[in-house]
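Worksheet for the structure shown next.
What you see below is based on every heavy atom in this structure, not just the backbone, and it leaves out hydrogens, waters and symmetry mates. When a residue number appears, it is its place in the shown sequence, counting from 1.
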Amino acid sequence: MVREWDPRTASSAEIASLLDTLNAVLAADLPQDPPWRESSMREYLAEVMPGERRISWVAQAEPGADGSPGAILGHVHVLLLGDIGVLEVLVHPAERRTGLGRDLVLTAARRVYQEGFQSIGVEVVGDTPAVAFYESLGFSKEYVETRSVLDLSGVDWAELSEMATGIGAGYHLEFHPGGPPDELIEAYARAKAEVRDVEDGELRPSSYDPQRLRDSLDCLHRRGMKPYIVLALHEQTGEVAGLTEVVVPVQHPTRADQYDTIVVQDHRGYGIDRAIKARMLMELRSAEAELTEVQTWNAQANEAMLKVNAELGYRPDREWCEYSIDVAELVHRLDAGR
């Protein structure tokens, strides 16, 4: 049974059951990834940015003989932002090849179509069954990144400390747990706006407006995801010359997620990119006792950042792809196959 589902009002048992399915999927498809925890899972599923909406559905087994609710076997949510609906689907490995995944996608696609959106996008992890699944539905690959993972147990911390200080004269670094101070938000936003990386994927958009940055940081905190920021400041002007962002989710605190790393065009060539990322790792070592890994995503053409990551000890893991399809085409294809 597929039904619309709101994580805000869902029972604790349903949240726990969904988490079990998520971890079963990870164990089957990404066995090297850490399992997720229940901490702030409800908030992770419910909270969104202003102007965005998330709609969810679950597929639930029949109630038990004692009347207990059935396990959640599948879940789909679509995030409506801008002019696209971003899809995420989970199907318990034991329920694959039963048509449940197609039913979940069709349910979400019909709503996206009714809402007036024209396209659906989805992140697909390379070398998992999701690739063949989405390609069979007609999705087309639009963009590819490489995910790399740094194992902190193998880091040479003395060498990393040297990297963190290897920055040109006239710059200094600042570490800001929780996000940049409000007096630097506008300069922070200018740095991000000036260097919009044309290779960034569209399904994880960055924020370039000061108020949207504030909203983004607030949303991260509400979802149980703690941001850490390292800034490179140009001492003569006080401007943000470079920045790097890492988020540690309470749902999997042993592995952090790298967000944007940016060096403003006029300040390139002074070792800022490597220094800010090295400083970040030094700070995380002290700030997050459970942390053992950091994962990052880079466009395959971004050779400069791939080189920096390799120097820091990151190792390529797998492809991370963005797929998309016209909503009307998807609905028609799925309806015709029923």
* Beyond-backbone contact of C321 with E123, side-chain heavy atoms, under 4.5 angstrom ->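 C321 vs E123: side chains apart.
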
Do NZ/NE/NH1/NH2 and the carboxylate oxygens of [X] and [Y] come within less than 4.0 Å?
X	Y	result
R54	D6	no
E311	K307	yes
D182	R214	yes
E239	R190	yes

* To do: Measure the acute angle between the ring planes of H234 and H267, then classify it against the limits of 30° and 60° as parallel, tilted or perpendicular.
  =>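 Judged by the thresholds at 30° and 60°, the geometry between H234 and H267 is tilted.
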
Distance-only donor-acceptor hits, side chain of residues 274-284, under 3.5 Å, sequence neighbours excluded:
unit_1 : atom_1 : unit_2 : atom_2 : d
K277   : NZ     : N309   : OD1    : 2.6
R279   : NE     : E283   : OE2    : 2.8
R279   : NH2    : E283   : OE2    : 3.2

* Using the test salt bridge (charged side-chain N to carboxylate O under 4.0 Å, His left out), find all partners of E293 that sit at least two apart in sequence or belong to another chain. =>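 Once residues adjacent in sequence are excluded, the partners of E293 under the salt bridge (charged side-chain N to carboxylate O under 4.0 Å, His left out) criterion are R255.
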
* Is it true that the NZ or CZ of R3 lies under 6.0 Å from the centre of W57's six-membered ring and within 45 degrees of the ring axis? ->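 Output no; distance or angle outside limits.
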
Would you mind writing out the side-chain donor-acceptor pairs for residues 105-113 within the sub-3.5 Å range, not counting sequence neighbours?
unit_1 : atom_1 : unit_2 : atom_2 : d
T107   : OG1    : D103   : O      : 2.8
R110   : NH2    : D335   : OD1    : 2.6
R111   : NH2    : E4     : OE1    : 2.7

* Asked: Would the W5 and H77 ring centres measure less than 6.0 Å apart?
  ->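 Ring centroids of W5 and H77 are no less than 6.0 Å from each other.
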
* State yes or no: are the ring centers of F139 and Y323 separated by less than 6.0 Å? =>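 Between Y323 and F139, which both carry aromatic rings, the centre distance is not below 6.0 Å.
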
* Does a donor on one side chain and an acceptor on the other come within less than 3.5 Å for S140 and E135? ->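 No.
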
